[in-house]
Amino acid sequence: MSINPEKIAFLVDSCAEMEPRHRKGVPVYVVPLRIGCADGSFNDGEDIFAKDIYRRLERGELPKTSLPDMIRVAETLDRIKADGYERVIALPLSSGLSGTHNMIRLQCEEHKDLTTVVFDTCSGAIPLGGIVLQLWEDIQEGMSWEELVEQRAPHLLKNNFPFFSVDTLEYLQKGGRIGKITALAGTLLSIKPIITFAPDGQLVNVAKVRGRKQVQGKLIELVKEHVGDHRDFNLLVANGGAEEEMKQLKKDLMAAIPGCRHIWDSHIDATLSVYIGSGVLGACIQLLD
C-alpha cells in the first residue's frame, strides 16, 4: 500500500527550518529567498548560509533580502508535477514579514494541473518545518487530503507557539522588520528580548531577561505555559550560531516537559539571520490534541 496514495507534496521557502536528517524521504520542495550582498545576489541555503551572514554583519555589511525568483517558483511547481505529485500544500513565510506568500499563491493559481492550497502561516522558521514533518507523518498514517487541509494544517498553524531569544534588535530595526517589537532600553545591561509571532504574523516581544544565562530558563518557562492538559505534542529547538547552547536547551526542555511525540532541532536560515543576527536560541511547542 502506498504511503502517499493521494500524491501530496509540500512547497516551502527557505525560511522553513528542517535539518536534512529530518526531511529525508519527505516530498518537500524548497524555493530560496534571495539575499543581496555587496558582492552579488545569492540563494538562501544554496550559495549563502547563516554563517556567511554572521561574518558580513560583523564587518558592518547589512545584506538585503528579497522574494524568491518568480520563474524559480514556477519551475518548482512544474517539477512537482513532473515528479508525479498531484496535490500541493504550500507553507511559506508569514505574509506579515514577506511577500513570498502572495507570490507562491499567484503561481499556484496559474498551475491548473495541480490541486494546491497555500496557507498564510503567520509564522516562520522552526514551526513551519515542524508542521511539514507532522503533516507527512499524518499522511503516512492515512490522513486524507480533505482532513489535512481543512482540519489538521489549520490546527497545527493555530497551535504552535515559538519563542526566540535575540542578542540585539539592531538588525531588525535597520532591516525594517521590527514589527510590533517595542524598543528595549538597557542594552548596556545585557537585556535579551524574547520574541514570537503575533496573530497577524509580525514579530512581537513577549519577555526580556538579563544576560544569556537566563535565556534558556525563560524559553522553557514560556513553552511550558502552553502545555496545560495537553498530552500529545511535539517540541522543537533551533539556534543561530549557538549550537552547544541549543543542545543543552534540548536536554533541559525534554526534562522539563516530558512525553513529547518528537523533538526536532534545526538551524536558523540565512534570510532570518539578516534580521536577528547570531547568538539566537529558539524553542517551540506544537500541540497535536
Side-chain angles (χ1 to χ4, degrees), residues 2-33 43-51 68 72-73 75-94 98 100-101 104 108 114 116-119 121 123-143 145 148-149 152-153 156-157 160 162 164 233-240 243 246-247 250 253 260-273 280 282-286 288:
S2 171
I3 60 172
N4 190 4
E6 297 189 84
K7 301 178 181 178
I8 300 167
F10 299 96
L11 177 62
V12 299
D13 58 47
S14 53
C15 292
E17 319 292 14
M18 280 176 284
E19 293 298 292
R21 68 182 184 279
H22 295 321
R23 59 185 281 186
K24 185 178 181 181
V26 182
V28 58
Y29 294 75
V30 182
V31 290
L33 275 79
N43 287 320
D44 184 4
E46 295 182 356
D47 47 21
I48 193 167
F49 301 89
K51 64 181 185 297
R72 179 72 178 270
V73 176
E75 290 175 345
T76 301
L77 288 164
D78 290 340
R79 190 166 78 253
I80 290 173
K81 180 64 177 179
D83 287 347
Y85 297 101
E86 298 177 357
R87 303 170 188 265
V88 179
I89 296 174
L91 295 159
L93 179 63
S94 166
S98 170
T100 307
H101 165 266
I104 288 178
C108 284
L114 289 167
T116 60
V117 175
V118 183
F119 289 97
T121 61
S123 190
I126 48 175
L128 300 188
I131 289 171
V132 169
L133 295 173
Q134 182 56 51
L135 290 176
W136 177 238
E137 181 173 288
D138 295 332
I139 289 170
Q140 292 177 296
E141 293 176 353
M143 190 173 290
W145 168 258
L148 286 165
V149 300
R152 187 57 152 177
L156 294 176
L157 287 166
N160 75 87
F164 300 89
F233 56 88
N234 294 321
L235 297 173
L236 304 97
V237 294
N239 84 96
E243 180 81 23
M246 184 194 72
K247 290 178 181 178
K250 183 177 180 179
L253 191 63
C260 64
R261 186 186 295 196
H262 301 287
I263 184 163
W264 291 306
D265 58 83
S266 64
H267 294 77
I268 301 296
D269 59 272
T271 297
L272 293 176
S273 296
V280 175
C284 175
I285 187 167
Q286 181 187 80
L288 305 177

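Positions are given from 1 along the sequence.
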Evaluation steps, side-chain contact (heavy atoms from CB on, under 4.5 Å), between W136 and I3: CA-CA 10 Å; W136 177 238; I3 60 172; 3.9 Å; yes

About how many Å separate CG of L272 and OG of S14, when rounded to the nearest 0.5 Å? 8.0 Å

Please give me the minimum heavy-atom distance between E46 and P32, naming the atom from each residue. OE2-CG, 3.8 Å

In this structure, CZ of R152 is separated from CD of E137 (nearest 0.5 Å) by 8.5 Å

Can you see which heavy atom on N160 is nearest to which on S123, and at what distance? OD1-OG, 3.9 Å

Where do F119 and H101 come nearest, in terms of heavy atoms and distance? O-CD2, 3.4 Å

Taking the side chain as every heavy atom from C-beta outward, state whether L114 and C108 have any atom pair closer than 4.5 Å. no

Determine whether L128 and C15 make a side-chain contact, defined as any pair of heavy atoms from C-beta on separated by less than 4.5 Å. no

Member of Q286, K250, E17 meeting the side-chain contact (heavy atoms from CB on, under 4.5 Å) criterion with L236: Q286

In Å and rounded to the nearest 0.5 Å, what is the CG to CG distance from L156 to D138? 7.0 Å

Rounded to the nearest 0.5 angstrom, the CD1-OG distance for I104 and S98 is 8.5 Å

Would the distance check show the side chain of N239 and the main-chain N or O of M246 forming a donor-acceptor pair, the cut-off being under 3.5 Å? no

For L253 and A283, work out which heavy atoms get closest and say how close. CD2-CB, 4.4 Å

To the nearest 0.5 Å, atom CD1 of I131 lies from atom OG1 of T121 at 7.5 Å

Apply the test side-chain contact (heavy atoms from CB on, under 4.5 Å) to residues D265 and I126: give CA-CA distance (whole Å), side-chain angles for both, the deciding distance (0.1 Å), then the verdict. CA-CA 8 Å; D265 58 83; I126 48 175; over 6 Å; no

One should read off an interatomic distance between Q134 CD and I139 CD1, to the nearest 0.5 angstrom, of 10.5 Å

Set out, in order, the CA-CA distance, both residues' side-chain angles and the distance that settles side-chain contact (heavy atoms from CB on, under 4.5 Å) for V30 and R23, then state yes or no. CA-CA 11 Å; V30 182; R23 59 185 281 186; 3.5 Å; yes

Which atom of S273 lies closest to which atom of D269, heavy atoms considered: OG-O, 2.6 Å

For the backbone of P92 and the side chain of D13, can you confirm whether one donor and one acceptor N or O come within less than 3.5 Å of each other? no

For residues 75-83, which side-chain donor-acceptor pairs fall under 3.5 Å, sequence neighbours excluded?
{"unit_1": "T76", "atom_1": "OG1", "unit_2": "R72", "atom_2": "O", "d": "2.8"}
{"unit_1": "D78", "atom_1": "OD1", "unit_2": "H111", "atom_2": "NE2", "d": "2.9"}
{"unit_1": "K81", "atom_1": "NZ", "unit_2": "D113", "atom_2": "O", "d": "3.4"}
{"unit_1": "D83", "atom_1": "OD2", "unit_2": "Y29", "atom_2": "OH", "d": "2.6"}

Hydrogens and angles aside, do H267 and E19 bring a side-chain donor and acceptor to less than 3.5 Å of each other? yes

Student check: side-chain heavy atoms of V132 and M18 closer than 4.5 Å: yes

All heavy atoms of L91 vs all of V12, minimum pair found to be O-CG1, 3.8 Å

